[in-house]
Amino acid sequence: MIIAVTDISKMKRYPIVLAIAGSDSGGGAGIQADIKAISATGSYAASAITAVTVQNTLGVQAVHNVPADIVRGQIDAVLDDIGADVVKIGMLGSAELVRTVKTCLEKHGFTNIVLDPVMVATSGDTLTEESAVPVLERELCPFSRLLTPNIPEAEVLSGMKISSGKDLPDMARFLSGKMYGISGRKVSVLMKAGHLDSDILVDYLYNAEEDRILELRSPKIESRNTHGTGCTLSSAVASYLAQGYPLDKAVTLAKEYITRAISSGAGYSIGHGHGPVNHFG
């Protein structure tokens with residue numbers, strides 16, 4: 001049976017996330033994790049690939065940054081035709097790519113951005129050129145709606161050390177204030193506690209839009225399959241934001257999703273190193 005839909009105004013619309021990130025040939029992180037997480041949480045994933053990595057569960061063997069004009073073309077192609085409710089940004093390997101993405105999104109008037117300031121892979125391999133970090137800090141972080149740094153990334157962005165979980169709320173507020181000082185925009189910060197050695201992990205969201213701190217508690221799950229957790233969490237937040245949830249609720253739902261994904265993926269064996277979470281578990 002063929003059903004013809006002639007009235008476009010009556011057709012349903014997907015909540016759409018444009019993920020801008022590098023490709024992981026192992027499938028656990030990067031754009032692959034973004035697409036899986038966005039799809040699993042109920043949104044439509046479009047993509048702009050910023051780098052091709054030679055990568056598996058053991059680490060990153062090589063990185064090839066995609067030419068800036070091709071990255072720009074991908075973003076324009078998606079936003080000119082499909083559009084997006086939220087843009088999620090991950091790996092930007094060079095200062096040129098950071099500036100290209102910033103300029104392109106600015107041209108489209110896009111500010112509903114979830115930025116995961118990816119610098120180092122789970123394996124410890126560097127993904128971003130050192131010269132790109134200050135450009136990311138000055139030109140893209142302050143124009144995002146939400147930053148989702150882990151502890152090492154927050155230390156780089158702030159220039160300060162984090163000694164315990166008690167430092168995370170203050171760090172979230174500090175980074176938000178630093179970004180406000182650059183752009184005059186309210187940038188919220190989700191500080192992730194995954195690098196801490198504790199039975200209970202507490203992530204902290206400083207919601208700059210409401211000027212409040214939200215605690216997000218979860219048990220620390222013993223698993224070697226933690227590759228791509230940051231990409232997955234930030235993409236899930238973007239997905240829920242695209243569906244119209246307020247920031248606190250979107251982050252809470254995303255935290256619940258990543259906790260399930262880590263737990264349900266812990267019993268699987270993929271590769272010989274850090275395997276992925278179970279995005280559809």
Side-chain angles (χ1 to χ4, degrees), residues 33 37-38 40-42 86 88 90 112-119 122 141-142 144-180 185-223 226 228-266 277-279 281:
I38 293 163
T41 53
V86 180
K88 182 264 169 159
N112 199 12
I113 299 166
V114 175
L115 174 57
D116 184 19
V118 176
M119 298 173 192
T122 302
C141 291
S144 301
R145 182 180 182 187
L146 175 69
L147 303 183
T148 64
N150 59 29
I151 287 173
E153 291 159 352
E155 289 178 337
V156 171
L157 292 173
S158 68
M160 300 187 297
K161 295 294 291 183
I162 294 172
S163 57
S164 74
K166 294 179 181 178
D167 296 335
L168 298 185
D170 287 341
M171 177 60 78
R173 285 183 180 274
F174 175 82
L175 286 175
S176 177
K178 184 176 182 179
M179 300 307 132
Y180 183 82
R185 299 188 187 188
K186 294 182 178 180
V187 180
S188 298
V189 179
L190 173 60
M191 276 301 313
K192 299 176 294 189
H195 284 75
L196 296 176
D197 185 16
S198 175
D199 292 336
I200 300 295
L201 296 178
V202 186
D203 297 342
Y204 289 91
L205 168 69
Y206 173 58
N207 185 334
E209 298 165 14
E210 304 290 341
D211 189 24
R212 63 168 174 256
I213 290 282
L214 176 67
E215 293 186 11
L216 300 120
R217 295 176 175 268
S218 64
K220 184 154 189 175
I221 301 162
E222 292 300 323
S223 173
T226 56
T229 49
C231 306
T232 300
L233 175 61
S234 55
S235 292
V237 174
S239 177
Y240 289 122
L241 288 174
Q243 293 167 37
Y245 287 101
L247 184 59
D248 282 6
K249 185 63 174 179
V251 171
T252 300
L253 290 171
K255 173 71 172 180
E256 293 170 354
Y257 168 71
I258 189 60
T259 301
R260 290 194 305 271
I262 295 171
S263 179
S264 62
V277 302
N278 184 358
H279 292 91

Trainee: Would you name the heavy atoms of Val237 and Ala254 that are closest together and state the gap between them?
Mentor: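 Distance-wise, the nearest heavy atoms are CG2-CB, 3.4 Å.
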Trainee: Can you list the residues that meet the side chain to side chain contact (heavy atoms under 4.5 Å, CB included) rule with Thr252, with sequence neighbours excluded?
Mentor: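 Checked Thr252 against side chain to side chain contact (heavy atoms under 4.5 Å, CB included); matches are Leu214, Leu216, Glu256.
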Trainee: Would you give the length of the straight line joining atom CD1 of Ile113 to atom CG of Leu241, rounded to the nearest 0.5 angstrom?
Mentor: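 Going from the CD1 atom of Ile113 to the CG atom of Leu241 covers 12.0 Å.
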Trainee: So if I apply the side chain to side chain contact (heavy atoms under 4.5 Å, CB included) rule between Pro169 and each of Tyr206, Tyr204, Phe174, which one comes out positive?
Mentor: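 Of all the options given, the one that passes is Tyr204.
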Trainee: Taking only residues two or more places apart in sequence or in another chain, which ones pass side chain to side chain contact (heavy atoms under 4.5 Å, CB included) with Ala33?
Mentor: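 If we apply the side chain to side chain contact (heavy atoms under 4.5 Å, CB included) test to Ala33, skipping adjacent residues, the hits are Cys231, Thr232, His279.
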Trainee: Quick one: does Leu247's side chain get under 4.5 Å of Leu205's, heavy atoms only?
Mentor: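 They are in contact (side-chain heavy atoms under 4.5 Å apart), so the answer is yes.
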Trainee: Work out which heavy atom in Leu147 is nearest to a heavy atom in Met179; give both atom names and the distance.
Mentor: CD1-CG, 4.1 Å
Trainee: Quick check: closest heavy atoms across Pro149 and Leu190, and the distance to 0.1 Å?
Mentor: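 Answer, listing the atom of Pro149 first, then Leu190: CD-O, 3.3 Å.
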Trainee: Side chains of Arg217 and Val202: closer than 4.5 Å at any heavy-atom pair?
Mentor: yes
Trainee: Return the minimal non-hydrogen interatomic distance between Ala193 and Leu168, and the atom names on each side.
Mentor: CB-CD1, 3.7 Å
Trainee: Listed by chain and number, what are the salt bridge (Lys or Arg N to Asp or Glu O under 4.0 Å) partners of Arg260, not counting sequence neighbours?
Mentor: none
Trainee: Could you work out, with side chain to side chain donor-acceptor pair (under 3.5 Å) as the rule, every residue matching Ser164, not counting sequence neighbours?
Mentor: none
Trainee: First locate atom CE of Met191, then atom OG1 of Thr148, and finally report the distance between them rounded to the nearest 0.5 Å.
Mentor: 10.0 Å
Trainee: With sequence neighbours excluded, tell me which residues meet side chain to side chain contact (heavy atoms under 4.5 Å, CB included) with Thr41.
Mentor: Ala236, Ser239, Tyr240, Tyr257
Trainee: Which residues pass the salt bridge (Lys or Arg N to Asp or Glu O under 4.0 Å) test with Arg185, sequence neighbours left out?
Mentor: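 Applying salt bridge (Lys or Arg N to Asp or Glu O under 4.0 Å) to Arg185 gives none.
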Trainee: Is there a side-chain contact between Lys192 and Asp116, using heavy atoms and a 4.5 Å cut-off?
Mentor: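 They are in contact (side-chain heavy atoms under 4.5 Å apart), so the answer is yes.
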Trainee: Of all heavy-atom pairs between Ser144 and Val187, which one has the smallest distance, and what is that distance?
Mentor: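 It is O-CG2, 3.3 Å.
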Trainee: So, taking the atom named CE in Met160 and the one named OG in Ser163, what distance separates them when rounded to the nearest 0.5 Å?
Mentor: 11.0 Å
Trainee: Considering non-hydrogen atoms only, spot the tightest contact between Thr229 and Thr226 and give its length.
Mentor: CG2-O, 3.2 Å
Trainee: Taking side chain to side chain contact (heavy atoms under 4.5 Å, CB included) as the test, write out the residues that go with Glu155, two or more places apart.
Mentor: Ile151, Lys161, Ile162
Trainee: Mark yes or no for whether Ser188, through its side chain, and Ala208, through its backbone, hold a donor-acceptor pair below 3.5 Å.
Mentor: yes
Trainee: Can you establish whether the number of heavy atoms outside Lys186 located under 6.0 Å from its atom NZ is more than 12?
Mentor: no
Trainee: Can a donor-acceptor pair be found, under 3.5 Å and without considering hydrogens, that links the side chain of Lys178 to the backbone of Leu157?
Mentor: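 It does hold such a pair.
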Trainee: Considering residues at least two apart in sequence or located in another chain, which fulfil the side chain to side chain donor-acceptor pair (under 3.5 Å) criterion with Asp248?
Mentor: Asn207, Arg212
Trainee: Quick one: list whatever passes salt bridge (Lys or Arg N to Asp or Glu O under 4.0 Å) with Asp211, sequence neighbours left out.
Mentor: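 With sequence neighbours excluded, Asp211 shows a salt bridge (Lys or Arg N to Asp or Glu O under 4.0 Å) to Arg173, given in chain and number order.
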Trainee: Under the rule for side chain to side chain donor-acceptor pair (under 3.5 Å), what residues qualify as partners of Lys255, not counting sequence neighbours?
Mentor: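 Checked Lys255 against side chain to side chain donor-acceptor pair (under 3.5 Å); matches are Asp203, Ser218.
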Trainee: Got a sec, which residues hit salt bridge (Lys or Arg N to Asp or Glu O under 4.0 Å) with Glu222, two or more places apart in sequence or on another chain?
Mentor: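 Residues passing salt bridge (Lys or Arg N to Asp or Glu O under 4.0 Å) with Glu222: none at all.
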